[in-house]
Amino acid sequence: VSSGEAVRTAERVARESYGRLVAFLAARTRDVAGAEDALSEAFAAALRMWPDDGVPDNPDAWLLTVARRRQTDALRRRQTRSAGEEHLQLMADEIEDAAESPAEIPDRRLALMFACAHPAIERGMRAPLILQTILGLTAIDIAAAFLIPPATMGQRLVRAKMRIRDAGIPFAVPEKEEMPERLEAVLDAIYAAYTKGWNEVGDAAPELAEEAIWLGRLLVSLMPGEPEAKGMLALMLYAEARRPARRDSAGAYVPLDRQDVALWDREQLGLAEQLLRAASSGGPSGRYQLEAAIQSAHTARRITGADTWPAILALYTHLEQLTHSPVVRLNRAVALAETDGAEAALALIDTLAPDRRMTEYQPYWAARGHLLARLGRKDGAYEALTMAIGLSTDNAVRHYLQEQVAKLPDG
Amino acid sequence: MRYMMLIHHDEPALAAADQKQLWQDYAAFNEALNKATGASGGERLEPAASATTVRTTGEKTDVLDGPYADTKEQFAGYFFIDVPTLEEAVAWAKRCPSSRFGSIEIRPLHVPKGDWK
């Protein structure tokens, strides 16, 4: 009987190996779906057998041997049919070659990630594609995490892979001048997977967060000189370290300022600090480094009691100049409330009111409601908090806001 | 895309809920739905026991007491939304308090193709 630890280790190795082989085959053939097909049974067998039998000495060679046997069978079965045979033969030849010298298979996962997050791929499908091709997650698991029906997710993944093949999307790490924009797309995709796992509190969520962090680590190891990759991994780790403190024992929502810092994962925080320092020795510059620096300042504020709000405000100001994002301005307003008072913060939030996107952005109404409550403007607070409740998808958050409404003074 | 959101309630589960809380949640939801999408709050139906079902087979018409299917969750109301993607429709279904007491079926409205010549 395999322990949970053994299962996880075996699964990690299997996913490492699988992703490397899919990337290698796909980069050679431009056929992501074909590469996945060719390896799927071998991968399923590895997930089934390795936890009990132990991880083989050369996992790549093991997977290739099983995949080779499978391909030979498939070719034999299809001997009479011509359709698809060419494609099968191509994949079989590639597997044959790779199996000859598995130790020499180059790691093309970085190139595959750039292909999956290419501008020609619909933005919302980039994270699901990376999760499937690099980690071997099933469409069913991805669908559950992204709250999309499994069949719909499956169709969208198939279409995206056809697009990679047909639109001539390159399997390559971009040139220097293209790099910042293209890297941002990869980082955004991985971070989108993380935030899915962070916001949703359902069963599939923490797992997805874990996978995203793993992808972040992989990216840092494949691009050790890239500060933004480190910045993004640090940002995910800061958030993840606080996960145990986000809900109390009764499942109620606990805001950052009331979290028990003893529950924070110090190891993850230490790693995040290290990454952030390594990324931004000359001061944080990119979007993810700035966001990580903000989380670092929040952490320091809560752990040491130091007033880091002015630093947080400065970082948000910088970030807003960089991104022009209304969400960043909202966060800057929340920081401004701590340095300059609720009135100044509310004036800044008012500048967001004409933005149509804010009307269904729950944090906008929650922030507005809290500031109005602080200023004793009961009617406005009631209205804004009611909107925030109506827009909440998380029951714990809804209850928390209802308590805030109940605390509004009578009259 | 316009969607009809069909609410199905597990009536006993709904009856067991804190009613004051539930209708406060519903008021907040309707307010948000209206302000954010411009949609009205939709309609709520009387419990399934009040239903009458008519079915005509050939020359014969049956008029029966009760809903057309005797299932655990019964059709209880609906609202419409107009959002660009299915993901946003799912988010609104999740926000709807009824999703905690049954299920919400999301159905795109039929748009006549009009491509015949």
Side-chain angles (χ1 to χ4, degrees), chain A residues 122-125 127-128 142-153 155-156 192 195-196 199-202 205 353 355-366 368-369 381-406 408, chain B residues 1-8 10 13-14 16-42 44 77 79-108:
Chain A
E122 189 195 334
R123 190 178 298 274
M125 282 313 291
I142 299 169
F146 281 74
L147 295 179
I148 291 180
T152 308
M153 178 57 86
Q155 284 160 6
R156 289 185 189 177
T195 50
K196 280 279 169 205
N199 291 329
E200 307 294 337
V201 190
D355 191 328
R356 285 269 318 140
R357 287 168 294 180
M358 289 295 116
T359 51
E360 57 181 296
Y361 190 58
Q362 194 267 0
Y364 167 81
W365 292 105
R368 206 182 169 83
Y382 180 83
E383 194 190 341
L385 289 172
T386 299
M387 276 298 282
I389 292 167
L391 289 168
S392 295
T393 53
D394 181 341
N395 234 354
V397 170
R398 200 179 283 132
H399 284 152
Y400 172 76
L401 292 167
Q402 277 153 354
E403 281 170 26
Q404 306 306 301
V405 171
L408 292 173
Chain B
M1 181 96 86
R2 285 193 76 205
Y3 293 96
M4 184 171 184
M5 313 288 272
L6 292 89
I7 297 167
H8 295 78
D10 177 342
L14 189 77
D18 175 343
Q19 299 298 305
K20 184 166 167 264
Q21 185 65 69
L22 179 63
W23 300 119
Q24 271 176 8
D25 281 357
Y26 241 111
F29 170 75
N30 285 338
E31 172 91 14
L33 183 71
N34 179 257
K35 255 202 194 137
T37 72
S40 66
R44 179 185 175 200
F79 60 97
F80 291 98
I81 53 163
D82 193 349
V83 288
T85 64
L86 176 63
E87 282 84 338
E88 282 161 86
V90 171
W92 280 107
K94 228 186 136 193
R95 287 171 183 141
C96 178
S98 288
S99 66
R100 284 170 275 152
F101 303 99
S103 51
I104 295 178
E105 188 177 336
I106 303 173
R107 298 279 290 265

Between B:Ala28 and A:Ile389, which heavy-atom pair has the shortest distance, and what is it? CB-CG2, 3.8 Å
Electrostatic pair B:Glu87-A:Arg156, nearest N-O below 4.0 angstrom: yes
Keeping the roles fixed (side chain from B:Arg95, backbone from A:Leu391), state whether a donor-acceptor pair exists under 3.5 Å. yes
dist A:Arg398:CZ -> B:Phe29:CZ (nearest 0.5 Å) comes out at 9.5 Å
For A:Arg357, is it the side chain, the backbone, both, or neither that has a heavy atom closer than 4.5 Å to a heavy atom of chain B? neither
Rounded to the nearest 0.5 Å, what's the gap from NZ on B:Lys94 to CG on A:Leu147? Could you check? 5.5 Å
Do other residues, nucleotides or ligands put more than 12 heavy atoms under 6.0 Å from the OH atom of A:Tyr382? no
Measuring from atom CG of B:Leu33 to atom CD of A:Glu360, what distance do you get when rounded to the nearest 0.5 angstrom? 9.5 Å
side-chain contact (heavy atoms from CB on, under 4.5 Å) between A:Gln402 and B:Gln21, intermediate numbers included: CA-CA 9 Å; A:Gln402 277 153 354; B:Gln21 185 65 69; 2.8 Å; yes
Under a 4.5 Å heavy-atom cut-off, does chain B meet the side chain of A:Ile148, its backbone, both or neither? side chain
d(B:Glu31 CD, A:Trp365 CH2) to nearest 0.5 Å is 8.5 Å
